[in-house]
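One-based numbering, in listed order, for ligands and for the atoms of each.
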Amino acid sequence: MVTASGTLDADVLIEGERIAAVAARVPGVPLSFTVDRIIDATGKYVLPGGIDVHTHMEMPFGGTFSADTFETGTRAAAWGGTTTIIDFAVQAKGTSLLATLDNWHDKADGNCSVDYGFHMIVSDVNDQTLKEMESCVAAGVNSFKMFMAYPGVFYATDGEILLAMQQAARIGATVMMHAENGIAIDQLVAQAIAEGHTSPVYHGISRPPELEGEATSRAITLAKVANCPLYIVHLSARHALEAVAAARDTGQNVFAETCPQYLYLSIEDLARPDFEGSKFVCSPPLRPRDHQASLWAGLRTNDLSVVSTDHCPFCFKGQKELGRGDFSKIPNGMPGVEHRMDLLHQGVAAGELSLARWVEVASTTPARMFGLYPRKGVIAAGADADVVIYDPAARQTLSAATHHMNVDYSAYEGMEITGRVETVLSRGSFVIDGGAYVGSPGHGQFLARAENGYLL
Ligand SMILES: [Zn+2]
């Protein structure tokens, strides 16, 4: 068994939907439980199910929708050993938070193979929105994402951010921030297009890491003034990491996640010829390769606490192609929900992360950070029986031909992986059993979440 606190040679007893007991093995002493099925995981890792706190299933963006539905996306998540997702409900301007939440419940209800929760994207800060934040918390949604990027769409001014942060602080919620200076970026984008620089790599060039660092610092300052817990989403740049580390050193409630694409891919992928670079367009953009070592180090020092995917898939054909001749029209987002556990396991194999830290950043900390602990994120008596059996010696090659996400390319096409998910249980039910999907789309339940478990 691998947990955030280390490894243990143990038996795990599951009764119904819960873990009933964990019993350390004593050499020569046989198993004393009477059970109706034994899963032999000898030589494999037994992990708490992965928790991906950043997904966008069927999300509207730029006149299209991300290609995975809750049904296809949660099935792909299960294939990759993720048994909980937290997806983003998206408030459109002029609509209410509660109507938005109802809408997202309708999309997910009855369609998910694994359990799910919601964050709320706040894009229209007004008196009603601020009031409704409190109702969202009562409805089990106590994290609110805001954007310093995308002017005219999701962008909030510093004043609006401050108001929402003050309200979040009052009601025990966390503000999540997309920290890029979108006002400055829009100027750089317009300049690039005017100069005829329309290919995908200019998506990266027009969003320099300094503007992520600046926005991250500004968000941290606003959160400090509002006394509000802050969680920086999809941190990609060393500049932003330095701002987070400095704030954490002062004891401020500032947290951050990164994503596998920032650990493994780079702006060189955005520069692939024949519009292939469009497959790698996401925001913040993929960075020069030298940022990767800083991100791995940040994961070790806990300045980066979580690895999520920002799973937001758009097919190359018909969706990414909307931006041929103008990179600013390429839908932003990449597929990834299926491969997070595997890609992080490569970090273990490469000596970047310990086994325990792998489980911590992929499951235990996400559970604590978003109010699901100790129901999720741990293998212990009383916890939900979300259990993954992982074969660390198996080999696989990532490919669109074999993945289960509803998208026509893989960002990691041809990458060889050491390790593979073998069996997945969600609340005691098999979802993946010996390499086959045996789940059902109505199994996954909505998770009402409590307060961030890390607040000082
Ligand atoms: Zn996102």
Side-chain angles (χ1 to χ4, degrees), residues 50-62 64-70 73-74 76-77 82 84-92 100 104 107-108 116-123 141 143-151 153-156 161 174-182 185 203-204 207 211-212 215-216 219 230-237 240 255-263 265 279-287 295 304-314 319-320 330-340 343 362 366 369-370 405 407 411:
I51 299 176
D52 189 344
V53 300
H54 191 151
T55 69
H56 300 281
M57 306 304 175
E58 47 196 291
M59 189 195 84
F61 189 97
T64 188
F65 287 84
S66 61
D68 266 315
T69 61
F70 279 91
T74 57
T82 286
T84 300
I85 64 163
I86 308 182
D87 202 89
F88 289 86
V90 185
Q91 179 197 27
T100 301
W104 254 259
K107 290 178 198 240
Y116 60 96
F118 293 124
H119 313 286
M120 179 61 67
I121 286 178
V122 175
S123 55
V141 175
S143 38
F144 298 89
K145 183 180 179 188
M146 304 190 76
F147 289 79
M148 302 168 101
Y150 304 123
V153 189
F154 297 128
Y155 174 82
I161 289 169
T174 296
V175 166
M176 309 170 77
M177 190 62 74
H178 180 130
E180 284 187 294
N181 184 330
I185 285 168
H203 172 78
R207 309 179 83 94
L211 294 181
E212 185 185 345
T216 302
L230 175 66
Y231 179 94
I232 304 291
V233 291
H234 47 46
L235 188 148
S236 72
F255 313 93
E257 65 176 19
T258 190
C259 310
Q261 54 269 35
Y262 302 118
L263 295 166
L265 302 172
K279 296 176 176 174
F280 304 90
V281 167
C282 58
S283 294
L286 302 179
R287 299 299 184 187
L295 299 180
L304 294 170
S305 310
V306 170
V307 177
S308 70
T309 61
D310 195 10
H311 176 76
C312 192
F314 294 100
Q319 293 194 299
K320 290 291 188 180
I330 300 169
N332 282 207
M334 284 174 52
V337 74
E338 187 170 348
H339 299 310
R340 186 180 62 119
L343 288 165
M369 189 75 71
F370 292 101
M405 299 176 285
V407 60

Practice problem: Find, among atoms of Asp310 that are N, O or S, the one nearest to the Zn ion (ligand 1), and state its name. | Solution: OD1

Exercise. Examine distances only and state if a side-chain atom of Thr55 and a backbone atom of His311 form a donor-acceptor pair shorter than 3.5 Å.
Key: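 It does not hold such a pair.
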
Exercise. Please confirm whether the backbone N or O of Phe88 pairs with a side-chain atom of Trp104, one donor and one acceptor, at under 3.5 Å?
Key: yes

Exercise. Any chance you could lay out the ring-ring contact (aromatic ring centres under 6.0 Å, His included) test for His178 and Tyr150, step after step, and finish with the verdict?
Key: CA-CA 10 Å; His178 180 130; Tyr150 304 123; 5.5 Å; yes

Quiz prompt | Short N/O/S contact of His178 with the Zn ion (ligand 1) (below 2.8 Å) | solution =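 Under 2.8 Å: His178 has no N, O or S contact with the Zn ion (ligand 1).
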
Quiz item: So does His54 have any N/O/S atom less than 2.8 Å away from the Zn ion (ligand 1)?
Solution: yes

Quiz item: Is it the case that Ser236 and Arg287 place a side-chain donor and acceptor less than 3.5 Å from each other?
Solution: yes

